[in-house]
Every structure is written in C-alpha cells, then in structure tokens.
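Step one of this worksheet: look at the structure below.
Start at 1 and go down the list; that is how both ligands and their atoms are numbered. Only heavy atoms go into these numbers, but all of them, side chains included; no hydrogens, no water, no symmetry mates. Quick note: residue numbers are just sequence positions, from 1.
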Amino acid sequence: MFIQIKGLQDEKLIRPVQLISNLFFEETTLTDEENDLVMAFTITELKASVVFFAGGNEYTSSWMIDELPEEEKSRRKVIKNAVSHVVLDVLTQYTGITQNWGVLTGIRPTKLMHKQNQANADKHEARKHLKETYMISDDKITLMERIVERQLTMVPDLYDLRREVSVYIGIPFCPTKCAYCTFPAFAIQGKQGRVSSFLSGLHYEMEKIGDWLKENKVKITTVYYGGGTPTSIIAQEMDELYEHMYNVFPDAEKIREITVEAGRPDTITPEKLDVLNKWNIDRISINPQSYTQETLRAIGRHHTVEETIEKFHLARKMGMNNINMDLIIGLPGEGTAEFQHTLDETEKLMPESLTVHTLSFKRASEMTQNRDKYKVAGRNEAEKMMEMAEKWTEKHGYVPYYLYRQKNIVGNLENVGYAVPGQESIYNIMIMEEMQTIIGIGCGAASKFIDPETGKIEQFANPKDPKSYNDRFMEFTDKKIEKLNKLFQSEKITSR
Ligand code: SF4
C-alpha cells in the first residue's frame with residue numbers, strides 16, 4: 001500500500017504515520033511521489049490536521065494541542081501524539097476498522113497502568129488518562145487493570161525489587177527449527193562438540209556473574225532457562241548445569257522461582273524429569289502450539305500431538321505441578337474450528353498456566369521470508385479466536401496476568417499469559433513490567449540493565465550463534481560486570 005504524504009516538514013513525524021498506517025494495512029510505504037492515496041497534513045502551534053484523499057472521497061481529522069512545551073523533546077512528543085491521533089482517525093473512517101489499542105504501538109501496555117499506579121492516580125483518573133491519551137478501548141483498559149491487580153497480588157513488593165535481579169539463561173539448541181522462529185535455536189543433532197564447548201562457556205559466565213552478585217550482596221528474584229529448548233541437552237548435562245547453578249549463585253535455594261522451558265515435547269524424557277525434580281525446578285513449559293498434526297508439520301515442529309499429551313501426563317505423574325502450555329492463534333491453515341479443537345484438548349490436560357500468543361511475522365523467520373506459502377487467518381477470525389481464548393480461560397478459572405504486543409502481529413492483537421491464581425510466573429511479570437535488571441547469560445541472551453534509581457533501561461545482547469558465543473563469552477561477561485558495577489556500586493546502594 002503506497003500513500004503520498006504532503007505537509008510533514010519534520011522527518012521524524014514520518015515514523016508515527018508509518019506505525020499507525022501499518023495497524024490498518026500490511027506494509028505501508030509512505031512516499032512523496034504522486035499517488036491515488038494522499039495524506040495532506042497541516043501542523044500549527046495549536047493543532048494538527050489531516051485530509052486523507054482516497055477513492056474520490058475525503059476524510060478529515062483535527063487534534064487540538066492544549067499547550068506546546070518549550071523543551072524540544074517534549075514538544076516533539078506532543079506533536080507526534082497529535083499526528084498519530086489524526087492518522088488513526090482518518091484511517092478508521094476509511095477502513096471501518098476500530099483499533100482497540102488506539103494509537104499505542106508500544107509492546108508493554110501494562111507498564112502505563114503501573115506508571116499511573118506509582119503516581120497514585122486513582123482508578124478513574126488512570127482510565128481517563130489511557131483513554132484520552134492513547135484512545136485505548138474500555139475492554140482493553142479493563143484487561144490492563146485486571147492484569148496489574150493480579151501482578152501486585154502475586155508480587156506485592158513488585159515496585160521494590162529494583163535492587164534485586166533476575167537471571168535469564170539461554171540454551172540455543174532445539175531438535176529442529178520451527179518456521180516462525182527467530183530465537184537462537186540451532187538443530188542439535190550431530191553437534192555434540194559444539195554443545196560441550198557452549199556449556200563450558202555458560203558455566204564460566206554463571207560463575208563470574210554469581211561471584212559478582214555474592215560480592216555485591218545482590219539477590220536473585222527468579223531464574224529462567226529459555227533458548228532454544230533447554231531440555232535439548234542430555235540429562236547429565238542438565239544435572240551438571242543445575243548443580244553448578246546451586247553452587248555459584250548466591251542463596252540459590254531462596255530464589256522465588258526457577259523455570260525451565262521444555263517447550264518441545266520431543267526433548268522430554270523420564271531421566272530429564274528426574275533431574276528437574278532433583279533440583280527443585282518450580283515450573284516448566286510444554287508447548288503444544290496447536291493440536292492439529294497438519295499444522296505442526298507445516299510449521300516444522302517435528303513432534304506429534306500424541307507426544308505432547310503423553311509428555312504432559314508423564315511430567316504430571318513425575319510430580320511437576322506447575323506446567324505452562326503455549327498456544328498460537330493464527331497458525332497457517334488454522335481458523336476457529338482448529339482453535340476450538342486446541343481448546344478442547346487443553347481442557348483434558350488443564351495446565352496451571354496457558355500463554356496465548358498471536359502469530360507474528362518476524363522479519364528473520366522462514367515463514368516471513370516465504371510468506372506466500374503460508375495462509376493465515378484474517379483480522380476478524382483472529383479476533384474471534386482471541387475471544388474464544390478469553391471465554392475459555394474465564395470459564396476454567398484462569399486469570400490474565402501479563403500481556404505484550406508485537407509488531408506485525410496477526411489482527412494487531414496481543415499475547416496474553418493466563419494462570420490459575422497463585423501459579424503465575426514471577427519471571428514473566430518481571431520481564432514484562434521492566435521493574436528490575438535481568439541478566440542474560442548464554443547464547444543470544446538479552447540483558448536488560450535497569451538503573452535502580454532512575455529506571456533507565458539499557459539493553460545488551462550476547463552473541464546469537466554458538467560459535468561466536470564460544471569465541472567471545474569472556475569478553476561479554478566482563479562487559480556485563482562493568483555495567484552491573486556502574487548500576488549497583490556498593491557506595492551507591494548504601495548511600496541511599
Ligand atoms: S522450539 Fe521454540 S525455540 Fe526451538 S525452534 Fe521451535 S520456536 Fe524456536
């Protein structure tokens with residue numbers, strides 16, 4: 001979709017126009033060349049206006065600017081917001097599509113609700129602010145309220161955990177690579193040499209970071225093993241890894257929650273479940289994504305539906321009492337009938353938590369690169385499936401406890417984590433709400449350094465492929481320690 005843009009002097013305003021247009025159309029290209037679709041802007045100190053010419057019709061919108069701040073950055077923000085509103089308005093008129101998230105294109109909506117909470121805004125004020133500033137629908141605001149309330153019930157000291165950290169450990173191997181995947185996930189078959197060198201690098205990183213945490217008396221709130229699939233490695237390697245964690249991390253037995261993703265059922269064995277039990281792993285994930293075999297084949301998951309069910313029962317039998325399952329709405333070839341089947345099958349298992357993702361087309365995935373090959377549900381059908389998930393979870397006693405959005409997500413929907421009350425993942429809350437530093441260890445692991453004082457966030461990522469990781473893990477460990485020193489120096493902490 002090409003749209004000709006007129007009257008936008010400031011280059012930086014092109015981006016918000018693009019982001020809002022992308023909510024309505026797949027891949028919008030904004031151009032100054034002549035075109036049938038034209039957006040003509042007029043921006044003054046008092047208001048932003050646009051006329052959208054399309055198919056012989058004109059759609060107009062204006063947004064009054066109450067007060068333009070002196071300071072350049074705040075000034076830009078106000079103008080950007082006004083431009084986003086008028087673009088949203090004319091495109092809503094033109095397409096008839098209502099955007100439930102309004103002009104909000106960020107990925108963590110609930111952070112806005114926490115901000116209101118921390119500023120002691122009452123419920124009414126917070127709703128009003130979200131509605132007027134971002135045009136978020138009442139239903140989505142209610143969803144945000146419910147989530148924030150659940151998070152604070154589960155982690156009452158959520159706003160006081162900035163001087164603790166959580167640790168993410170990335171194991172970059174999987175049995176095979178799924179078509180929609182952009183995670184660091186390398187097929188493990190025949191790569192034993194590479195796995196061993198990776199694990200020795202990982203042990204080194206854990207030890208150095210553990211030493212730093214001990215020296216600086218910084219506690220660990222949660223640990224999360226992700227990847228890849230952390231259960232792709234053999235039982236003995238898992239055993240050594242968790243033993244090492246208990247040896248090198250400070251007060252490991254007091255960590256509030258340790259999760260290991262066992263996403264691919266084809267990696268789960270009784271020996272590995274024994275190891276998970278031996279080291280008191282609190283929570284695992286076994287991910288069906290779909291219960292339709294054809295879909296699993298189409299997305300390259302190479303395991304069967306029966307295997308998911310069988311491994312779930314095995315994990316249960318062997319004592320795993322907090323199991324999460326991930327589902328994806330909008331997988332190729334799937335509509336409401338297939339999704340209903342997935343919900344019916346889930347009902348037979350009743351995991352403690354259920355994460356409902358909406359398929360997103362990430363640039364680097366095989367699925368995006370061969371998009372024509374994959375037929376996916378349209379906006380209306382995706383919305384229907386999301387509603388089905390909402391109703392199903394409510395009926396079965398699950399509550400929503402975290403949510404995030406992604407770019408290029410089918411139907412501009414969201415991903416929602418549901419759990420039986422009391423079984424919510426604390427790590428998921430920490431990573432979504434960005435309330436504390438997350439130290440990423442291992443391949444492709446992203447660290448998020450959050451200044452305990454200002455809340456300012458700095459991202460830092462380890463190398464994504466095992467070869468580069470094996471060559472450079474020491475250097476990356478040093479860099480992280482340097483950043484931690486800056487944020488948590490002992491004088492800085494004790495002087496507060
Ligand atoms: S199992 Fe998960 S991490 Fe592994 S390839 Fe599939 S989507 Fe990626």
Side-chain angles (χ1 to χ4, degrees), residues 168-191 194-195 198 202 224-234 237-238 259-269 272 283-305 307-309 311-312 315 323-332 334 342 351 353-370 374 376 404 406 408-410 415 417 425 427-428 431 440-446 461-466 469:
Y168 174 86
I169 298 175
I171 315 262
F173 302 106
C174 281
T176 52
K177 181 104 178 172
C178 306
Y180 55 87
C181 181
T182 51
F183 296 112
F186 297 84
I188 199 163
Q189 283 308 340
K191 303 266 168 35
R194 190 164 277 189
V195 176
F198 163 73
L202 182 61
Y224 192 99
Y225 287 85
T229 305
T231 43
S232 299
I233 56 177
I234 60 173
E237 289 163 337
M238 284 169 58
T259 300
V260 173
E261 276 191 17
R264 288 279 289 257
D266 41 346
T267 62
I268 301 173
T269 64
K272 292 182 193 177
R283 191 174 169 269
I284 63 168
S285 227
I286 302 175
N287 298 331
Q289 314 299 13
S290 159
Y291 285 86
T292 300
Q293 192 57 51
E294 235 176 281
T295 309
L296 296 183
R297 210 170 298 125
I299 60 175
R301 271 184 81 86
H302 292 257
H303 64 80
T304 61
V305 168
E307 208 167 4
T308 310
I309 298 170
K311 296 297 171 62
F312 180 90
I323 305 178
N324 172 71
M325 294 188 119
D326 279 3
L327 303 179
I328 302 180
I329 283 175
L331 284 171
E334 293 216 340
T342 288
S353 59
L354 195 65
T355 313
V356 183
H357 296 268
T358 311
L359 185 70
S360 89
F361 282 89
K362 295 178 193 157
R363 214 176 298 154
S365 72
E366 190 274 335
M367 194 176 281
T368 306
Q369 279 157 17
N370 300 293
Y374 297 95
V376 301
Y404 69 102
Q406 281 167 291
N408 304 324
I409 197 164
V410 172
N415 302 316
S425 156
Y427 174 84
N428 283 339
I431 186 96
I441 298 179
C443 213
N462 272 6
K464 272 197 165 182
D465 71 288
Y469 178 81

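Each of Ser290, Cys178, Cys181 was scored for a side chain to side chain contact (heavy atoms under 4.5 Å, CB included) with Arg301, with one residue passing: Cys178.
The main-chain N or O of Thr231 is found under 3.5 Å from a side-chain atom of Lys272 such that the two form a donor-acceptor pair.
In Glu294, the CD atom is not crowded: 12 or fewer heavy atoms of neighbouring residues, nucleotides or ligands sit closer than 6.0 Å.
Under the 4.0 angstrom criterion, atom 3 (S) of ligand 1 counts as having a protein heavy-atom contact.
Near-neighbour remark for atom 4 (Fe) of ligand 1: protein N, O or S atoms under 2.8 Å are Cys174 SG; waters not counted.
Counting heavy atoms from C-beta on, the side chains of Ile171 and Leu202 come closer than 4.5 Å.
Relative orientation of the Tyr224 and Tyr168 rings is parallel, given thresholds of 30° and 60° on the angle between their planes.
The minimum heavy-atom distance linking Ile233 with Met238 is given by the pair CG1-CG, 3.6 Å.
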